[in-house]
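Quick caveat, the model's predicted, so the values are computed rather than measured. In what follows, residues are counted from 1 in the order of the sequence shown.
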Amino acid sequence: MRALLSGYYGKGNGGDEALLATLLQMLPSHVTPVVLSGNPEETRDRYNVETFDRMAPLAVLQALRSSDALIWGGGSLIQDVTSTISPFYYGGLMAVAQKMGLKTVAWAQGIGPLVRPQTRWLARQTFGNCTKVSVRDRASAALLSDWKIPCIIAPDPVWALESKPVPGLWDLPAPRVAVTLRSHPLLTETRLSNLTRALVDFQKATQAFILLLPFQKSEDLSIAEAIQPHLKDVSQILCLEDPQLLKGVFRGVEMAIGMRLHSLIMAAAEGCRCFALSYDPKVNRLMEDLEMPGWDLASLPDDPNLISLTWMEHYANGDPLSAEQIQSLVDRALIHREVLSQVFI
């Protein structure tokens, strides 16, 4: 059996790479993965898989013709807020695969927001024709339920990604706090300035060493580089490409402050206290599910002192998830593996 894997792969996004690494980890051993990637050579070398350029139509068609199934996932592929093209790319690909008679699996999806009638129609059609659908949150499950499309709900698969220890991490000063910010219209110059001032005060009060973790260099590195000079000798920018290493960072971290969904999932899975800065409904959903403290960026306090005091309070008195809670989330995330086993008997 050959399964073509389609997602936001090979684009340098740590969260999407983590989803691919987890999917490859969960795929039944008798299934040969073929990956559509934005950087086919890098993806091939990192994961030792056959790859095709995701934006080369003839190559994609060739990959579809040589495959028995298409796996669509995971993550927020079908939404039309950050990109109007994205849902048509993924939805169109799924529709072609379905017309060709391939088994089609929508795997670990976070669906929406869908604000345009055309994208809602396309999503409804393609999800409705899937062999199997799994989603990672209640809002996605509720949308499919409204459409009378059966699905399986389980926590994000990255909860179950195997992490690797990061060489040299334990040589850095302790305690450590990880910070992951990304560029976004809600992260205005003023808000970034306030967060930076709060981080400086927080570091002085806690004497923590600050790890600035860009999850996607193109979106995050410039922000890390803007913050780092204010924390000259008490911080380091850590760029890691391997998602298992990225998750492994949080083994050696006391607290994580993050915008990126998968930075918060990875941190929580490794037993860190987490504080969220939400720019997207998917982060709000995680905050609700885990009762994770945080702010919507749109309502971030204007006072850096209040921000730093809130972080200090959580650092001193906040609780990470218990070992039992983490194990429960990991066990339930493995339901996504069961979905694949059921399709590829």
Item to check | F215 backbone acceptor or donor facing R260 side chain under 3.5 Å | outcome: no
Next on the checklist: Can you tell me how far apart NZ (K103) and CG (L70) are? Round to the nearest 0.5 Å.
Outcome noted: 13.5 Å
Next on the checklist: In terms of relative ring orientation, are F275 and W295 parallel, tilted or perpendicular, with 30° and 60° separating the classes?
Outcome noted: perpendicular
Next on the checklist: Quick check for you: to the nearest 0.5 Å, what is the distance between T119 atom OG1 and Q79 atom CD?
Outcome noted: 9.5 Å
Item to check | Flag, side chain of R332 to backbone of P155, donor-acceptor distance under 3.5 Å | outcome: no
Item to check | side-chain contact (heavy atoms from CB on, under 4.5 Å) between L340 and L23, worked out | outcome: CA-CA 9 Å; L340 297 171; L23 175 51; 3.7 Å; yes
Item to check | Salt bridge present between K164 and D242 (N-O < 4.0 angstrom) | outcome: yes
Checklist entry - Above 12 or not: heavy atoms from other molecules or residues under 6.0 Å from CE of M100? => result yes
Checklist entry - Taking the inter-plane angle between the rings of W107 and H336 on a 0 to 90° scale, is it parallel (under 30°), tilted (30 to 60°) or perpendicular (over 60°)? => result perpendicular
Checklist entry - Would one find more than 12 heavy atoms of other residues, nucleotides or ligands at under 6.0 Å from atom CG of D146? => result yes
Next on the checklist: Looking at E288, is its backbone amide N or carbonyl O close enough to the side chain of E291 to form a donor-acceptor pair, meaning the two atoms are under 3.5 Å apart?
Outcome noted: no
Next on the checklist: I need the C274 SG to L290 CG distance, nearest 0.5 Å.
Outcome noted: 8.0 Å
Checklist entry - Between the side chain of S145 and the main-chain N/O of A141, is any donor-acceptor distance below 3.5 Å? => result no
Next on the checklist: Between L122 and Q118, is the side-chain contact (heavy atoms from CB on, under 4.5 Å) condition met? List the steps.
Outcome noted: CA-CA 6 Å; L122 180 62; Q118 311 95 297; over 6 Å; no
Item to check | Heavy-atom side-chain contact between L199 and W311 under 4.5 Å | outcome: yes
Checklist entry - Under 3.5 Å, side chain of Q244 to main-chain N/O of E162, donor-acceptor pair present? => result yes
Next on the checklist: Set out, in order, the CA-CA distance, both residues' side-chain angles and the distance that settles side-chain contact (heavy atoms from CB on, under 4.5 Å) for E254 and Y315, then state yes or no.
Outcome noted: CA-CA 8 Å; E254 295 295 319; Y315 180 81; 4.0 Å; yes
Next on the checklist: Side chains of R136 and R285, heavy atoms from C-beta outward: is any pair under 4.5 Å?
Outcome noted: no
Item to check | Beyond-backbone contact of R197 with S193, side-chain heavy atoms, under 4.5 angstrom | outcome: yes
Checklist entry - Which value, rounded to the nearest 0.5 Å, describes the distance between L309 atom CG and D201 atom CG? => result 8.5 Å
Item to check | S140 (side chain) donor-acceptor with I111 (main chain) under 3.5 angstrom | outcome: yes
Checklist entry - Does F88 share a hydrophobic cluster with M55, counting links as ILVMFWY side-chain heavy atoms below 4.5 Å and allowing steps through other members? => result no
Checklist entry - Any side-chain heavy atom of I227 within less than 4.5 Å of one from L192? => result yes
Item to check | Nearest non-hydrogen partners of A276 and L264, listed with the distance | outcome: CB-CD1, 3.7 Å
Next on the checklist: Measuring only between side-chain heavy atoms, which start at C-beta, is N129 closer than 4.5 Å to T104?
Outcome noted: no
Next on the checklist: Donor-acceptor pair, distance only, cut-off 3.5 Å: does the side chain of Q236 make one with the backbone of L238?
Outcome noted: no
Checklist entry - Can you tell me if R273 uses its side chain to pair, donor with acceptor, with the backbone of A316 under 3.5 Å? => result no
Next on the checklist: Tell me whether W170 contacts the main-chain N or O of G252 through its side chain, where contact means a donor paired with an acceptor under 3.5 Å.
Outcome noted: no
Checklist entry - Is the closest side-chain heavy-atom distance between D220 and M259 below 4.5 Å? => result no
Item to check | N/O donor-acceptor pair under 3.5 Å between R182 side chain and Q216 backbone | outcome: no
Item to check | Any R54 side-chain heavy atom under 4.5 Å of S37 side chain | outcome: no
Next on the checklist: Ignoring hydrogens and geometry beyond distance, is a side-chain donor-acceptor pair present between N13 and H262 at under 3.5 Å?
Outcome noted: no
Checklist entry - Do E17 and R46 have side-chain heavy atoms sitting under 4.5 Å apart? => result yes
Next on the checklist: Does R2 have more than 12 heavy atoms from other residues, nucleotides or ligands lying within 6.0 Å of its CZ?
Outcome noted: yes
